[in-house]
*Asks:* 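Before I ask anything, here is the structure I am working with.
One-based numbering along the sequence shown.
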Amino acid sequence: MTAPLAAEPTAADRRRWARYLVEERAEGTVYQRLAARRTGEERDILLRLADAERRHEQHWLDLLGGEPARLPRAGVRSRLLGWMAGRFGSIFVLALAQSAEARSPYDAEQYATPAMRADEKVHSEVVRGLAARGRRRLSGSFRAAVFGANDGLVSNLALVLGIGATGVSSGFVLFSGIAGLLAGALSMGAGEFVSVRSQRELLAATEANEDAAASAHDLDIDENELALVYRARGADPEEALAKARRIVTAAQAGVRRTATGPIRTHGDVHEVVGSDWTAAISSFLLFASGAIIPVLPWIFGLQGAAAVIVALVLVGIALLSTGAMVGILSGGPPLRRALRQLAIGFGAAAITYLLGLLFGVGAV
């Protein structure tokens, strides 16, 4: 429903309405493109959001009296979201859309209806919920990726700066950086292999088996210990007894009821914790991808202060990028997260550099 005009609209009002119109269209396009890459419930939710944006678009068209001859371009953020949604459909798009929906311009807009203001607040929570689903799916692997790459970046930067500050040759700095890369990556890979393998073995030791169900047809329906199996797995006495009776009845009737038999607590161990070799190789590569960056200047023949400056610039860009990605995914301000990441990384490197200077002076 179109809001009644509070006064004769000015040229500035009409320009603002036109800007709202193109933004609503752009947001509707984002949701449509995201929906095209989703299925099931998420697709339906995104299509409903797109429908709501079309209602808002129609509101501004009605106020403008139809399609204007000229329309402004949508904002950079909206165009970027539309481009990303059509090509990636990733959690990053939803995280950015969540941030955009949280800043509705309609709260102070006299020509927006109360329903539109309410819609925008609801949309923010809907997108937050969709983004949260993606974050939950991504959180483990993304945390490991950021941790591995950042560990390589910071530890090897600190190593080459600390070694370089002692006054040794560039060749020795390069050797130290490569050694640090290999040592750190192998350590990460080995640690991840042992961790995942140990977890798999621990889960395997606690896995339920089907031995009790296999002999269920020989049990007395009223006096048996099968209920104790379920009680040991956390069921209350009444529920455990009911399950046991269903299994014994089915078994004595000659019906195979594996679906109601002893429930496997963890399922397939491989599905729960993944492959130990995959985890080890991933950790090795993630650490190495970060650790190689501080060494690049020395690999390409730079020496002294020039190599240090280039290394700092390259690592700084990488730290800012990973920090910004964390900010986007968490729904927080990307710049603040990026600067925090940069400060932590450079702070650690500065400490080792000062220690290198100290030991270098002492050695002289």
*Asks:* Decide, yes or no, whether a salt bridge links Asp13 with Arg16 under the criterion of side-chain N to carboxylate O below 4.0 Å.
*Replies:*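 Yes, charged N to carboxylate O under 4.0 Å.
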*Asks:* How many angstroms lie between CZ in Arg73 and OG in Ser78, if you round to the nearest 0.5 Å?
*Replies:*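 Result: 11.5 Å between the selected atoms.
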*Asks:* Looking at every heavy atom in both Tyr31 and Leu46, which two are closest together, and how far apart are they?
*Replies:* CB-O, 3.6 Å
*Asks:* Quick one: CG on Leu161 to CG on Leu312, what's the gap to the nearest 0.5 Å?
*Replies:*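 Interatomic distance, Leu161 CG to Leu312 CG, rounded to 0.5 Å: 5.5 Å.
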*Asks:* Would Leu285 end up clustered with Leu182 when hydrophobic side chains under 4.5 Å apart are linked, directly or stepwise?
*Replies:* no
*Asks:* Got a donor-acceptor contact below 3.5 angstrom from the Arg43 side chain to the Arg37 backbone?
*Replies:* no
*Asks:* Indicate, with yes or no, if Ile292 and Val313 share a hydrophobic cluster defined by side-chain heavy-atom contacts under 4.5 Å among Ile, Leu, Val, Met, Phe, Trp and Tyr.
*Replies:* no
*Asks:* Please report the C-alpha distance between Asp119 and Arg55 in whole Å, then the side-chain angles of each, then the deciding distance to 0.1 Å, and finally whether the side chain to side chain contact (heavy atoms under 4.5 Å, CB included) criterion is met.
*Replies:* CA-CA 10 Å; Asp119 280 349; Arg55 291 197 304 270; 3.7 Å; yes
*Asks:* For residues Leu34 and Val122: do they belong to one hydrophobic cluster (side chain heavy atoms under 4.5 Å, members Ile, Leu, Val, Met, Phe, Trp, Tyr)?
*Replies:*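 Result: yes, single cluster for both.
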*Asks:* Mind listing the closest non-hydrogen atom pair of Ile163 and Ser176 along with its distance?
*Replies:*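 So the two residues come closest at CG2-OG, 3.8 Å.
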*Asks:* Knowing that exactly one of Leu159, Val173, Asn156 qualifies, which makes a side-chain contact (heavy atoms from CB on, under 4.5 Å) with Val295?
*Replies:*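 When side-chain contact (heavy atoms from CB on, under 4.5 Å) is applied between Val295 and each of Leu159, Val173, Asn156, only Asn156 qualifies.
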*Asks:* Leu296 and Val310: side chain to side chain contact (heavy atoms under 4.5 Å, CB included), yes or no, with the steps?
*Replies:* CA-CA 9 Å; Leu296 288 176; Val310 172; over 6 Å; no
*Asks:* Please name the pair of heavy atoms, one in Glu23 and one in Gly75, separated by the smallest distance, quoted to 0.1 Å.
*Replies:* OE2-N, 2.7 Å
*Asks:* Whether the side chain of Arg25 engages the backbone of Glu57 through a donor-acceptor N/O pair (distance < 3.5 Å, no angle test) should be reported.
*Replies:*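 Not confirmed, Arg25 side chain does not pair with Glu57 backbone.
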*Asks:* A quick test of your reading: do over 12 heavy atoms of other residues, nucleotides or ligands sit less than 6.0 Å from CZ of Arg48?
*Replies:*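 Not buried by this count: 12 neighbours or fewer within 6.0 Å.
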*Asks:* Could you pull out the closest heavy-atom pair between Ala149 and Ser289, with the gap in Å?
*Replies:* CB-OG, 4.4 Å
*Asks:* For Ser187 and Ala183, indicate whether the former's side chain and the latter's backbone hold a donor-acceptor pair under 3.5 Å.
*Replies:* no
*Asks:* Under the rule for ring pair (Phe, Tyr, Trp, His ring centres under 6.0 Å), what residues qualify as partners of Tyr20, not counting sequence neighbours?
*Replies:* Trp60, Tyr106
*Asks:* Considering all heavy atoms of both residues, which atom of Gly290 and which atom of Leu153 are nearest to each other, and what is their separation?
*Replies:* O-CD2, 3.4 Å
*Asks:* How close do Ala311 and Trp298 get, counting heavy atoms only, and between which atoms?
*Replies:* CB-CZ3, 3.9 Å
*Asks:* What verdict does the side chain to side chain contact (heavy atoms under 4.5 Å, CB included) test give for His59 and Asp62, after you've listed the backbone C-alpha separation in whole Å, the side-chain angles of each residue and the deciding distance to 0.1 Å?
*Replies:* CA-CA 5 Å; His59 171 82; Asp62 292 342; 5.7 Å; no
*Asks:* Using side-chain heavy atoms (C-beta onward) and a distance below 4.5 Å, is Trp17 in contact with Pro68?
*Replies:* no
*Asks:* Name every donor-acceptor pair, under 3.5 Å, that has one atom in a side chain of residues 350-358 and the other anywhere in the protein, sequence neighbours excluded.
*Replies:*
residue: Thr352; atom: OG1; partner: Ala158; partner atom: O; Å: 3.0
residue: Thr352; atom: OG1; partner: Ala349; partner atom: O; Å: 2.9

*Asks:* Look up atom CE in Met188 and atom CD1 in Ile281, then write down how far apart they are to the nearest 0.5 Å.
*Replies:* 14.5 Å
*Asks:* Considering only NZ, NE, NH1 and NH2 on the basic side and carboxylate oxygens on the acidic side, decide whether Glu24 and Arg54 come within less than 4.0 Å.
*Replies:* no
*Asks:* Measure the CG-OG distance between Leu186 and Ser283 for me, rounded to the nearest 0.5 Å.
*Replies:*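 Leu186 CG to Ser283 OG: 11.5 Å, rounded to 0.5 Å.
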*Asks:* Any chance CD of Glu41 has more than 12 other-residue heavy atoms, nucleotides or ligands included, within less than 6.0 Å?
*Replies:*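 Atom CD in Glu41 is not packed in, count stays at 12 or less.
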*Asks:* With rounding to the nearest 0.5 Å, note down the distance linking CG in Leu63 to CG in Leu21.
*Replies:*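 One gets 10.5 Å once the value is rounded to the nearest 0.5 Å.
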*Asks:* Are Phe172 and Phe300 linked, directly or through intermediate hydrophobic residues, by side-chain heavy-atom contacts shorter than 4.5 Å (ILVMFWY only)?
*Replies:*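 Looking at the clustering, Phe172 is in the same group as Phe300.
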*Asks:* Any sub-3.5 Å donor-acceptor pair from Arg340's side-chain atoms to Gly323's backbone N or O?
*Replies:* no
*Asks:* Just verifying a value: how many Å separate His123 NE2 and Glu53 CD, rounded to the nearest 0.5 Å?
*Replies:* 5.5 Å
*Asks:* If you apply the rule side-chain hydrogen bond (donor to acceptor under 3.5 Å, both in side chains), what do you find for His56 with Glu120, and how did you get there?
*Replies:* CA-CA 10 Å; His56 297 179; Glu120 292 298 315; 3.2 Å; yes
*Asks:* With a 4.5 Å cut-off on side-chain heavy atoms, are Leu320 and Gln341 touching?
*Replies:*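 No - every pair of side-chain heavy atoms lies 4.5 Å or more apart.
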*Asks:* Is it true that Val30 and Trp83 fall in one hydrophobic cluster, defined by side-chain heavy atoms closer than 4.5 Å?
*Replies:*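 Val30 and Trp83: one cluster.
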*Asks:* Check whether any side-chain heavy atom of Leu319 lies under 4.5 Å from a side-chain heavy atom of Ile344, and answer yes or no.
*Replies:*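 Leu319 does not reach Ile344 side chain to side chain.
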